[in-house]
Amino acid sequence: MSQPERQPVTLPRLAEMKAAGEPIVMVTAYDYPSAKVAEEAGVDIVLVGDTAAMVVLGYPGTEPVSMEEMVMLGKAVRRGIQTPLMVGDMPMGSYEASNELAVQSAQRLVKETGCQVVKLEAGGTSVERARAIVRSGIPVMGHVGLTPQTATALGGYKTQGKTAEGAIRLCEDALALQSVGCFAIVFEAIPAAIAEAIAARLEVPTIGIGAGPATAGQVLVFHDLLGITTGRTPKFVKRYANVHEAMARGVGQYVEEVRSQRFPEPDHVYGVEPAELADFRRYLDQESITSRKAWDWEPLS
Ligand code: KIV
C-alpha cells in the first residue's frame, strides 16, 4: 500500500504538533546522504548544526567552523530533503557583533543554502540579534542551556541550570528569546525537572537534547545516534546503530580482498565482444606499435 504523501513541515504545523502533544522529531544532517536518510525516516526538522565542525570536519569544538563551510554543507542537505523544515545554524562570529551582521548572515544562510529558518545560541547579545533577524523576516530558533559556542564561559561542556540561580537564568533566557519572536527553542543539557518547569511556562515548542522527556520535541546529532562518532558521547545520546563499526568492517574486508586478489570478481567486470577484442589485439601486435618507445609516443595517424 502506498504511503500518504507527506506535506512540507511549516511553523504553524510545529505549533499545532505542540498543542496536540504530538512529539516533534528533529535530527542534524550535514550532507546529501544524511539528509536523504532524515527525509526517508520522516523527521520533522533537519538542523544543519554547527556540530558539523566536530563530527564531520574534525575540529576540536564548534568555534572554528566558518560561514563558508556551513553554506557548503547546507547546500548539500537542501538537495536531500523536501519535507522537513530545514534549520541553518549560525556559526560563531556570524551574528554577535551587530544586528546588521546578524541579519546579513541569516540572509546569506537562507539565500545560499535554502534553509527556511536559522538557529542561534543564547548568551551575550543573542536576544537583540534574534529580534533583528525575526524583524527582517527570517524565523529564528533559539538555543539555551549548554551552548557549545560559549562553553568556555559556561565552565566547559556541563549540564546547565543545576542550581536555582542557574535555572532562573535559563528561564529568563528562554522567555526573552520567546518575547523577541523565536518560534521554537532548543534546550540542551538541562535537568529534566528544570526543563519541564520552564517548557510549561513557554508557548513556543521546546526541542530537547539532554533535557528529559517533557519538551515538545527531541533532537540528536545524526552521527551520535547512529554510532558514526567514536569515543565517549554525552549521557543523553542513545545509540540506535553502530555504523562506524559496520563501515570499518566493510572497508577492512575490501582492503583484505584487494590485497589477496579476491576482488574484483567476474560480476564486477565489463565484458567486450570477442571480435572487437581480437581486432584490438591485432592492432597491438603490429610491429610499428610494439617497437615504439614511451618517449617517442604520438598517436598513429
Ligand atoms: O549544532 C548542533 O548540532 C546543535 C544541536 C546539538 C542542537 O545545536
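Keep in mind that the numbers below use all heavy atoms, side chains included, and drop hydrogens, waters and symmetry copies. Residue numbers start at 1 and run along the sequence shown. Numbering of ligands and ligand atoms starts at 1, following listing order.
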task = Could you check Val140, Val117, Asn99 and say which one makes a side chain to side chain contact (heavy atoms under 4.5 Å, CB included) with Ile133?
result = Val140
ask   = Under a 4.0 Å heavy-atom limit, does Thr62 contact ligand 1 with its side chain, its backbone, both, or neither?
value = neither
ask   = Hey, which atoms in ligand 1 end up nearer than 4.0 Å to a heavy atom of Asp89?
value = 1 (O), 2 (C), 8 (O)
ask   = Can an N or O of Glu188 be found at a distance shorter than 3.5 Å from an N or O of ligand 1?
value = no
query = Side chain or backbone of Ile207 under 4.0 Å from ligand 1, or both, or neither, by non-hydrogen atoms?
reply = neither
message = Using a strict threshold of under 4.0 Å (side-chain N to carboxylate O), is an ion pair present between Asp279 and Arg282?
response = yes
query = Does the distance from a Lys or Arg side-chain N to an Asp or Glu carboxylate O, for Glu39 and Lys36, drop under 4.0 Å?
reply = no
task = Pull out every atom of ligand 1 sitting under 4.0 Å from any heavy atom of His143, numbered as shown with elements.
result = 8 (O)
Plane angle bin for Tyr254 and Phe263 - parallel if under 30°, tilted between 30 and 60°, otherwise perpendicular = perpendicular
query = How far is atom 2 (C) of ligand 1 from its nearest protein heavy atom, and which residue and atom name does that atom have?
reply = Thr51 OG1, 3.2 Å
Test: Glu256 and Arg262 ion pair at under 4.0 Å = yes
ask   = Going by an N to O cut-off under 4.0 Å, is there a salt bridge joining Glu196 and Arg201?
value = no
key: Contacting atoms of ligand 1, where contact means under 4.0 angstrom from a heavy atom of Ile209   = 6 (C)
Aromatic contact, His143 with Phe187 (centres under 6.0 Å) = no
message = Does ligand 1 come near enough to Lys119 that some N or O of the ligand is less than 3.5 Å from an N or O of the residue?
response = yes
ask   = Which of the atoms of ligand 1 are close to Leu47, meaning less than 4.0 Å from one of its heavy atoms?
value = 2 (C), 3 (O), 4 (C), 5 (C), 7 (C), 8 (O)
key: Check ion pair Arg13-Glu16 (N to O, under 4.0 angstrom)   = yes
remark   = Near Gly49 (heavy-atom distance under 4.0 Å), the atoms of ligand 1 are 1 (O), 2 (C), 3 (O)
query = ligand 1 versus Thr28, non-hydrogen atoms closer than 4.0 Å: side chain, backbone, both, neither?
reply = side chain
